[in-house]
Amino acid sequence: MTTILFHNARLIDPEGGESVGGLIVQNGAILRRLGPDEDAGDLPGAERIDCRGLCLAPGIVDIGVKVSEPGERHKESFRSAGRAAAAGGVTTIVTRPDTTPAIDTPEVLEFVARRAALDSPVNVLPMAALTKGRDGREMTEIGFLKDAGAVAFTDCDRVVTDTKIFSRALTYARSLDALVIAHIQEPGLSAGACVTSGKFASLRGLPGVSPMAERMALDRDIALIEMTGAAYHADQVTTARALPALERAKRNGLNITAGVNIHHLTLNELDVAEYRTFFKLKPPLRAEDDRLAVVEAVASGLIDIICSMHTPQDEESKRLPFEEAASGAVGLETLLPAALRLYHAGQMDLVQLFRAMSFNPAQRLGLACGTLRVGAPADLVLFDPDAPFLLDRSTLKSKSRNTPFDGARLQGRVRGTWVAGNRVDEVTT
Amino acid sequence: MPYRAMHLLGIEPLHPTEITTLLDLADRYADENRRGIAHRDVLEGMTQINMFFENSTRTQASFELAGKRLGADVMSMAMQASSIKKGETLIDTALTLNAMRPDILVVRHPQSGAVDLLAQKVNCTVLNAGDGRHEHPTQALLDALTIRREKGRLHRLTVAICGDIAHSRVARSNIMLLGKMENRIRLIAPPTLMPSGIADFGCEVFDDMEKGLEGADVVMMLRLQKERMDGGFIPSEREYYHRYGLDAEKLSYAKDDAIVMHPGPMNRGVEIDGTIADDINRSVIQTQVEMGVAVRMAAMDLLARNLRAKRGQEAAAREVMA
């Protein structure tokens, strides 16, 4: 029986608020919460951790992490992704099925689960493809896959264009209480685009997509959820114009949630500057007005979840002309310090941030973590929200180091990560 | 202001006085070309490689001739036929050529930003001969020189640019250059061929050609790519010619002494009427071609001076270190 006492902490409780106090963890779960001057009593053999006033929060649950196994293990493996997550305060990674081959059968899913259990120091929960090969033509074995441990179903950045097929998949998923996650981007309008249309796109001579493409796709999906009653999550809402539709859908009681990538909350289209391909994302970075509107939507709770959309790419796929270069950025290790930019800018408090990064994603997937409730798993992150540093991408634990924050000044460092009461961030190979 | 750059990648980073420096030298080369005066010592002992990842006849020939007139050893490579087909990346191709120690690389590439990327990886001078929809700086400079010689000035003119602006690097570089030199720029195109957010560049936007041409000093026509003609961006070639093709009737809305320009190659009967193109009183299309050689000579001359200066400094620094 192992017991850990965290004392002298600034507790960030997504359901309550901030308070000074501590936690007693026993056998991997939260046993008791302590008030400011409350005595922990006699705890024989307990490990005592003096948090020295730093923040203690439920570990981050990151939905939509790409671990490049199977297929492209040189970009990211379960070991490297797990170590990156631990270093970034992420205690649960929810993996994407856009691997090679796609995770679309129970057999491939079992391979992933086995590899993850063997190599990753943090929790790994796999998602599975909604359609076979993510081709948008035939639905996968949603029932078998769910039994095998798939926590959600998504074709990732591919949109199921055939409305009939998508509506059937949603209907079928509903009968199994399976969550469907969709990318919202009208495929015709966004074909070939690599930036958001507007002055910047025209200046650089790059093909752009109107922000309207996001709203159009969301509008279609909302109609389909209304029709089928399915549980639905929009992976990334990044534009102001999509927000009223989301707001209406929620008000009408549809089973809908939405997420946003940390990069869309902290960067805008101008960061691409001179064709910097590490800033090429999908959907593309938006105008500053959109960024601000989306930040506000997270603060108000309209957008539920912040994720890293961790997408490892090797140097070869990024060192190309902008249009040819691969999309995506790694984010497991920079999610928390980047999110703290919003805290330091006064746009969100820590409780709001951890609601969006830990509590809401856990709730959406029906997980017991993401909270400081008694009895919950002791998945915790201890961090100093003020510690400044200059990010050097060569220090990242990810195998791929395609971060847009290379050389950026960030504030906020992880001082410890625990999964089920076990310290994971110091584990070395 | 002297021109001290290492590369000519676009008009955007240039200061108006740098543009004037380039044009002044080009002006001199244009005159001397007419008188048959050669300058084979300017780039003597230097190697110029033309890398064209996209087909071009006139631009490549113009750069080749400019280099030869200045005495450079010129090599032209049709990149589509070579290593690209074998799967080599742009950067590897650049590094391979760089290892052969050329002095000047002239690059055209179908992707916006590709020439910038290449310039970061080599240690010679790079001239952008057109990258995707981004920039085509020597074209804008030759257009500017043509205008300056025809109109006697390069400021406070009303310039109408007409045609497929959305896909045109020529239009972008010209908008930059003419804007920096304080001209009034009008863009005329069907809305499907107009780039988004373009009014923010300080241009007036028209979809009616007659209104757009009213009182113009310069009418700059752009080429309409064949693949954009059928239904995708415009309904048909004949409807385009009817609404946006430059003929005598539409040209009559411009000033009486307005000049007509076209970067070539022309589609007669699509964007321009043949008789206008051939009208020696209005059309300066042949002059543009002539100025092209002079502008490229000037750009390579100035860049070569900067390259020599930089190499001299590096050699001196090495001596001090030794």
Side-chain angles (χ1 to χ4, degrees), chain A residues 186 188-214 239 241 268-281 283-290 313-327 402 406-407, chain B residues 7 9-13 53-54 84 87-95 107-121 128 130-137 164-173 175-176 179 187 189 193-203 205 232:
Chain A
E186 208 288 313
L189 207 55
S190 58
C194 60
V195 289
T196 302
S197 64
K199 186 185 174 188
F200 181 78
S202 292
L203 185 67
R204 289 285 174 269
L206 294 169
V209 57
S210 164
M212 206 59 109
E214 184 172 291
T239 62
R241 283 181 193 274
N268 69 27
E269 57 178 350
L270 301 181
D271 286 303
V272 169
E274 299 293 331
Y275 303 100
R276 294 196 286 174
T277 56
F278 280 10
F279 292 79
K280 183 177 177 182
L281 305 175
L285 287 170
R286 305 299 191 182
E288 179 65 2
D289 288 350
D290 281 323
Q313 298 289 3
D314 54 17
E315 302 285 307
E316 280 65 39
S317 41
K318 282 288 186 182
R319 282 173 57 186
L320 290 169
F322 197 84
E323 274 180 73
E324 284 173 28
S327 302
N402 52 307
D406 185 37
Chain B
H7 310 296
L9 300 176
I11 298 295
E12 196 196 349
F53 294 90
E54 192 181 76
I84 297 303
E88 191 175 54
T89 66
L90 175 65
I91 288 176
D92 285 334
T93 308
L95 293 177
V107 187
R108 168 169 290 189
H109 198 280
Q111 301 271 335
S112 302
V115 184
D116 295 59
L117 178 67
L118 193 143
Q120 292 164 21
K121 307 290 171 188
N128 182 0
D131 63 322
R133 311 170 179 186
H134 179 220
E135 285 234 45
H136 190 354
D164 182 1
I165 293 163
H167 301 97
S168 174
R169 54 193 171 218
V170 175
R172 273 179 190 68
S173 288
I175 291 167
M176 292 286 165
L187 303 178
L193 294 176
M194 195 68 88
S196 59
I198 197 72
D200 295 340
F201 288 78
C203 308
V205 176

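Per chain, numbering begins at 1; letters A, B, ... match sequence-line order.
With chain B as the partner, the residue from A:Ser202, A:Pro207, A:Ala201 showing the most heavy-atom pairs under 4.5 Å is A:Ser202.
The nearest pair of heavy atoms linking B:Ile165 to B:Ala189 is CD1-CB, 4.2 Å. Closest of all the heavy-atom pairs between B:Met194 and B:Leu187 is CE-O, 3.6 Å. The minimum heavy-atom distance linking A:Asn268 with A:Leu285 is given by the pair O-CD1, 3.6 Å. The minimum heavy-atom distance between B:Ser173 and B:His136, with the atom names listed, is OG-N, 2.8 Å. Counting all heavy atoms, side chain and backbone alike, B:Leu9 lies closest to B:Glu135 at O-CB, 4.1 Å.
With sequence neighbours excluded, the residues forming a salt bridge (charged side-chain N to carboxylate O under 4.0 Å, His left out) with B:Glu54 are B:Arg169, listed by chain and number.
Comment: B:Glu12 engages A:Arg204 in a salt bridge, judged by a side-chain N to carboxylate O separation of less than 4.0 angstrom.
Residues A:Arg319 and B:Thr89 have side chains not in contact (no heavy-atom distance under 4.5 Å, counting atoms from C-beta outward).
Inspection of non-hydrogen atoms places A:Ser197 of residues 190-197 of chain A under 4.5 Å from chain B. Residues of residues 269-280 of chain A that come within less than 4.5 angstrom of chain B, heavy atom to heavy atom, are A:Glu274, A:Tyr275 in numerical order.
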Legend entry - Residue pair A:Glu214, A:Arg241: steps toward the side-chain contact (heavy atoms from CB on, under 4.5 Å) verdict: CA-CA 8 Å; A:Glu214 184 172 291; A:Arg241 283 181 193 274; over 6 Å; no
Kindly list each side-chain donor-acceptor pair under 3.5 angstrom involving residues 110-119 of chain B, sequence neighbours excluded, with atom names and distances?
unit_1: B:Gln111; atom_1: NE2; unit_2: A:Glu324; atom_2: OE2; d: 3.4
unit_1: B:Ser112; atom_1: OG; unit_2: A:Gly205; atom_2: O; d: 2.5
unit_1: B:Ser112; atom_1: OG; unit_2: B:Arg133; atom_2: N; d: 3.1

